[in-house]
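Heavy-atom basis, side chains included; hydrogens, waters and symmetry copies ignored. For clarity, every value in this text was computed on a predicted model and none was experimentally measured. First listed ligand is number 1; within each ligand, the first listed atom is number 1. The first residue of the sequence shown is numbered 1, and numbering continues consecutively from there.
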Amino acid sequence: MVEINKEARVYVAGHRGLVGSAICRALKSAGYTNVITRPRAELDLCDRAAVDRFFGAEKPDYVFVAAAKVGGIHANNTQPAAFIHDNLSIEINLIDAAYRHGAEKLLFLGSSCIYPKLAPQPIREEYLLTGELEPTNEPYAIAKIAGLKMCESYRRQYGFNAISVMPTNIYGPGDNFDLETGHVLPALIRKAHEAKVSGAKEMGVWGTGNPRREFLHVDDLADACLFCMQRYEDSLALNVGVGDDVTIRELVETVCDVVGFEGELVFDTSKPDGTPRKWLDVGRLADLGWRAKIGLRDGITDTYRWYLEQGGALAAE
Ligand code: GFB
C-alpha cells in the first residue's frame with residue numbers, strides 16, 4: 001500500500017467526463033488539495049506538443065487517464081475512425097508524456113469491450129486477446145487494448161509505474177443522455193421519463209432485450225480507481241465491476257419502475273444487440289479488498305434524480 005501525500009500533484013485527464021468528474025469528487029472528499037485539471041479549450045489531448053508542454057510545466061506526480069472518446073453502441077458503430085484515432089492519440093500523448101516528465105504513477109482506464117465477443121463468462125483478465133472482438137466497437141476496443149499494452153510495455157522496458165483498470169459499463173450523475181450517442185442506461189432513463197410526461201402509451205428499446213450487461217455506478221468506479229492507485233502495482237489490467245449482470249429487458253423494467261412509466265415496451269430488432277454478454281470476473285480486485293457498494297436500483301434512482309436536477313423534466317415537457 002502506497003500512502004499518497006495529500007499535497008501530491010494529481011492530474012485528472014478528462015475531468016469533465018462521467019468518470020473524470022467522479023474521480024475529482026472522490027479525490028476532493030479524500031482530502032487531496034492539489035488536483036490539476038485543464039478544460040479541452042485550453043489543452044487538446046490529441047495535440048502531442050501541447051500535452052508535452054503541459055506536463056513539462058505542471059509536472060504531475062500522479063495521473064488518472066479518464067479522458068477518452070466514448071459512446072454507446074450506435075456512436076461506436078457509426079464513428080469508427082474518430083473512436084480509434086482520438087483514443088490512440090490521447091493514450092500515446094498522455095502515457096508517454098507522464099513517463100518522460102517523471103510522474104510517479106499513472107492509472108489508465110480501459111473498458112470491458114476489450115475482451116473477445118464470445119469470451120467465457122464471467123470474463124477473467126487472462127481472456128484478453130484469445131478471440132475475435134465485437135464488431136460494433138472493435139476500433140474503440142483496439143485503441144483501449146493499445147493503451148493497456150502501452151502501460152504494460154512502459155513498465156517492462158522503462159520501469160514506469162503504469163497500471164490499467166478495465167471497468168464494465170459505467171453510469172451515473174454526469175452521464176450523456178443523448179439518445180443517439182449515449183449508452184443504454186441514460187438513454188432508457190430519458191426515454192421512460194419523456195414517455196411518462198408526454199403520456200405516451202409505449203416506449204422504444206433497441207435490440208431484442210436479451211443481451212446481458214453489468215452496470216457499475218461511477219462513484220464506485222472512482223473509489224476503485226483511488227484504491228488501485230494506492231494498492232495495485234502490476235502489469236495485468238484489472239477488471240472492475242459489480243460481479244452481477246442483468247438482461248436489457250430486466251434493466252428497462254427497473255428503469256420504468258423507478259421513473260414511473262407504466263406503458264408498453266416495444267423492442268426494435270432492427271437495432272444491433274452488440275455483444276451477447278460481458279460479465280466481468282472481479283475476483284482479483286475482491287482479493288485485494290475492494291467491492292462495489294451501490295446497488296443497481298439505488299444507482300438508477302440517484303442518476304434519475306440528477307437528470308431531473310439538470311432540467312430533464314423541463315426538457316421533456
Ligand atoms: O450501452 P450500449 O449502447 O453499449 O448498449 P454496449 C447496450 C445494449 O442496450 C445493446 C441495448 O444491446 C443495445 O442494443 N439498448 C436498448 C440500447 N435500448 C437502447 C438505447 O436506447 N440506447 C442504447 N445505447 N442502447 C458499448 C460499446 O457497448 O459499451 C463501447 O460500444 C463501450 O465500446 C461501452 O465498451 C461500455 O454495452 O453494447
Side-chain angles (χ1 to χ4, degrees), residues 17-19 66 68-84 86-88 109-119 121 123 128 133-148 165-172 175-195 202-218 221 237 239-242 245-256 259 261 265-280 296 300 303 307:
L18 173 64
V19 176
K69 178 166 177 65
V70 298
I73 192 165
H74 179 73
N76 268 270
N77 213 9
T78 51
Q79 303 168 43
F83 273 83
I84 194 161
D86 291 5
N87 286 301
L88 284 175
L109 279 133
S111 163
S112 59
C113 69
I114 59 162
Y115 293 112
K117 176 184 170 99
L118 300 176
Q121 308 284 322
I123 308 174
L128 181 68
L133 296 164
E134 154 62 31
T136 54
N137 58 33
E138 190 188 73
Y140 176 74
I142 295 272
K144 287 296 183 184
I145 293 170
L148 79 87
V165 296
M166 297 299 129
T168 190
N169 289 34
I170 305 302
Y171 72 99
D175 216 334
N176 170 15
F177 286 80
D178 185 276
L179 296 180
E180 288 289 303
T181 59
H183 288 97
V184 59
L185 211 156
L188 292 179
I189 288 179
R190 178 171 169 181
K191 285 179 180 175
H193 176 75
E194 292 183 354
E202 52 187 43
M203 76 174 251
V205 184
W206 293 356
T208 60
N210 297 329
R212 300 186 71 92
R213 293 289 185 272
E214 181 180 359
F215 294 95
L216 177 68
H217 191 284
V218 73
L221 174 61
N239 287 343
V240 189
V242 295
D245 66 356
V246 291
T247 63
I248 296 302
R249 181 182 287 277
E250 287 162 346
L251 176 74
V252 67
E253 284 167 0
T254 308
V255 167
C256 288
V259 170
F261 173 67
L265 301 175
V266 178
F267 289 87
D268 176 359
T269 52
S270 71
K271 294 283 197 300
D273 268 347
T275 199
R277 193 175 192 189
K278 42 180 171 178
W279 173 36
L280 293 181
L296 183 56
I300 292 173
T303 309
Y307 173 71

Pull out every atom of ligand 1 sitting under 4.0 Å from any heavy atom of [X], numbered as shown with elements.
X: Gly71; result: 30 (C)
X: Gly182; result: 24 (N)
X: Ala187; result: 20 (C), 21 (O), 22 (N)
X: Lys191; result: 20 (C), 21 (O)
X: Cys113; result: 33 (O), 35 (O)

N or O contact, Tyr140 vs ligand 1, cut-off under 3.5 Å: no

Leu188, any N or O under 3.5 Å of ligand 1 N or O: no

Considering all heavy atoms of both residues, which atom of [X] and which atom of [Y] are nearest to each other, and what is their separation?
X: Gly209; Y: Phe267; value: CA-CE2, 3.5 Å
X: Ser112; Y: Lys278; value: OG-CD, 3.6 Å
X: Met203; Y: Cys256; value: SD-SG, 3.9 Å
X: Leu133; Y: Tyr115; value: CD2-O, 3.7 Å
X: Ala192; Y: Val255; value: CB-CG1, 4.1 Å
X: Ala119; Y: Gln121; value: O-NE2, 2.9 Å

Check: Thr275 main-chain N/O paired with Glu134 side-chain donor or acceptor under 3.5 Å: yes

Main-chain N/O of Ile73 paired with Asn77 side-chain donor or acceptor, under 3.5 Å: no

Presence of salt bridge, Arg212 and Asp245, under 4.0 angstrom: yes

So which heavy atom in the protein is nearest [atom], and how far is it from that ligand atom?
atom: atom 34 (C) of ligand 1; value: His183 NE2, 3.2 Å
atom: atom 29 (O) of ligand 1; value: Lys278 NZ, 3.4 Å
atom: atom 35 (O) of ligand 1; value: Ser111 OG, 3.0 Å
atom: atom 18 (N) of ligand 1; value: Trp206 N, 3.0 Å
atom: atom 31 (O) of ligand 1; value: Asn76 ND2, 3.1 Å

Close side-chain approach of Lys69 to Gln79, heavy-atom, < 4.5 Å: yes

Contact check, side chains of Leu221 and Leu109, non-hydrogen atoms, under 4.5 Å: yes

Is it the side chain, the backbone, both or neither of [X] that has a heavy atom closer than 4.0 Å to ligand 1?
X: Ile248; result: side chain
X: His74; result: neither
X: Ile73; result: both

Please verify whether a non-hydrogen atom of [X] lies at under 4.0 Å from ligand 1.
X: Thr136; answer: no
X: Ser112; answer: no
X: Arg213; answer: yes
X: Glu134; answer: no

Selection from Val184, Asn137, Asp273 by shortest heavy-atom distance to atom 10 (C) of ligand 1: Asp273

Nearest option to atom 13 (C) of ligand 1, as decided by whichever heavy atom of Pro211, Ala141, Pro272 sits closest: Pro272

Step-by-step ring pair (Phe, Tyr, Trp, His ring centres under 6.0 Å) determination, His217 to Tyr171: CA-CA 5 Å; His217 191 284; Tyr171 72 99; 5.4 Å; yes

Test of ring centre spacing under 6.0 Å for Phe261 and His193: no

